[in-house]
Number of protein chains: 2
Amino acid sequence: MARYEQIASDLRDAIVRGDYRIGAQLPSEAELAARYGAARGTVRQAVALLAAEGLVGSRQGARRIVLGTERSQSFAELHSFAQWARSMGYRASGTVLSSERRPCSPVEAARLSLEPGEEVLAVLRLRRLDGEPVLVERTVYAGWIAPAVERLDPDCESVTQELYESVGLVFAYGEHLIDAVAAGSEDARLLGVRRGSPLLRQRRVTTNQEGRPVETSDDRYRAGSVTFSIRNSTSANPLVRRAGD
Amino acid sequence: MARYEQIASDLRDAIVRGDYRIGAQLPSEAELAARYGAARGTVRQAVALLAAEGLVGSRQGARRIVLGTERSQSFAELHSFAQWARSMGYRASGTVLSSERRPCSPVEAARLSLEPGEEVLAVLRLRRLDGEPVLVERTVYAGWIAPAVERLDPDCESVTQELYESVGLVFAYGEHLIDAVAAGSEDARLLGVRRGSPLLRQRRVTTNQEGRPVETSDDRYRAGSVTFSIRNSTSANPLVRRAGD
DNA sequence: AGCTCTGGCTTGTTTGTACAAGTTCGCCTA
DNA sequence: TAGGCGAACTTGTACAAACAAGCCAGAGCT
């Protein structure tokens, strides 16, 4: 772990622990540098990390202030349902309902940077939290990763983790589109809700470290089961609105 | 504008223009430093900015790669419906349907860091895109900003901009919770949809530069009208899932 | 009392240097 | 030809120094 990550971690712990309340001032960079025996640049990297997490804010000339005291999760916890669930103290389970190879559609070809008609693997999964079905996942994997996905246990808990362990695949970047849709008949049946009831939809494309697309997915959460949360600031703003579809 | 912002802007333009395709490699830091006549540290700040926007990704040892070519918008465009709409080429309008001062609820007190029972201003607005109603906004303003809000034109297009111009208020930090809910009877009537139909809900708390909470809001978008989009990576991840409510 | 202004403090930007760590690709060998 | 090895390249981390720009409180003035 890098020095600046250690410092960030230490400060984050202090904030989460309540040493610094919301609205309180953090020590100055010079003071932190002296305390940790590090250069000011290193301290700046540390607080930049906290700022990116939305824990602290800053303005030129004034001390940094604490904006929040909740720890935000890692990329893995956003991407992987199972890892997120575990970190929140839930028991996640899931079942593969269907899995088939087929030629990709033009839309999928564009999303996954494939040639039109290239073979992909389409998987339908139902995910549960503490036994309750909360998520219908319709995932399309690029052909080159399909064999590894097919080797997975149908009841495999964390696909992300299994793929990392079996073939070293790392999900590194993702683009996510979030909106609300009405439950279709299949959604309704699987999630145990009425047809037309509101679902939170997350469509995503994920790529590996090299920027090669791995999978695209349409995930639908039962209303009330899951909420997405983001913090933003004038300096860091990842979430944007988009016109419908 | 700082040097690193100029460089970032120049690179972003090149990416958006298509000089670098998705998956292509960016020049090395040393090369960029030479090209712009800047130190490597400055170039690193520039590309860090692009990485935060999700345009480029990087791994130690390998050239940076282009992940996307779409420009993501600024904080203001996430926060301000009107500014976002304008940047997307839509015509935004809105109407204040009701506005009343009242003591705050315990929940509101906690969100806005107020004393229980302190006075707040509750405003109900209907927002339209190109004349079509798409958003019901139920906003609660902290008492100290209420007078400035009440002075606004009821049909005021951009509240954010007006408040900045009239009292210099800047919305600097925000926390947003996104989920799906069924339309209530009031929502349904205002948006022209059936009761129970899916809406995309965004609840937020916004604070000014000093970390002082300004407003909290419950915004409900008609399904299909607006989609939230975020890019994330292993290094930068602002969006997280949360258990329901 | 209320106001202005200034000096010290704090964060923002930039440059330069050095080394660590991971990737890539060509060369050499088995 | 296939695989291993290593050199060159590229990004990551850390330190040091200097100046710019904005904030704030206290001194001094009206």
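Order of the sequence lines fixes the chain letters, A, B, ..., with proteins taken first and strands second; residue numbering starts at 1 for each chain.
Looking at which nucleotide of DNA chain C each of A/Q209 and B/Y4 is closest to, the 5′-most match is held by B/Y4. Annotation: of the two residues near DNA chain D, A/T42 and B/E210, the 5′-most nearest-nucleotide partner is A/T42.
If you walk DNA chain D from 5' to 3' and mark each nucleotide with an atom closer than 4.0 Å to a heavy atom of chain B, the marks span D/dT10 to D/dT13.
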At under 4.0 Å between heavy atoms, how does the protein contact nucleotides 2-11 of chain C? Give one character per nucleotide, 5' to 3', with B, S or -. --------BB
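For the pair A/E118 (side chain) and A/C104 (backbone), a donor-acceptor distance under 3.5 Å is absent. A side-chain donor-acceptor contact under 3.5 Å links A/R127 to the backbone of A/E157. Put simply, the side chain of A/R3 gets close to the backbone of A/Y36: a donor and an acceptor are under 3.5 Å apart. Remark: side-chain polar atoms of B/T216 are paired, donor with acceptor, to backbone N or O of B/R204 under 3.5 angstrom. A/R231 places a side-chain N or O within 3.5 Å of a backbone atom of A/E53 that can act as its donor or acceptor partner.
The shortest side-chain heavy-atom distance between A/L32 and A/I7 does not fall under the 4.5 Å cut-off.
Of all heavy-atom pairs between A/A142 and A/L112, the closest is N-CD1, 4.1 Å.
Contacts of B/R21 classified as side chain to side chain donor-acceptor pair (under 3.5 Å), with partners at least two apart in sequence or in another chain: none.
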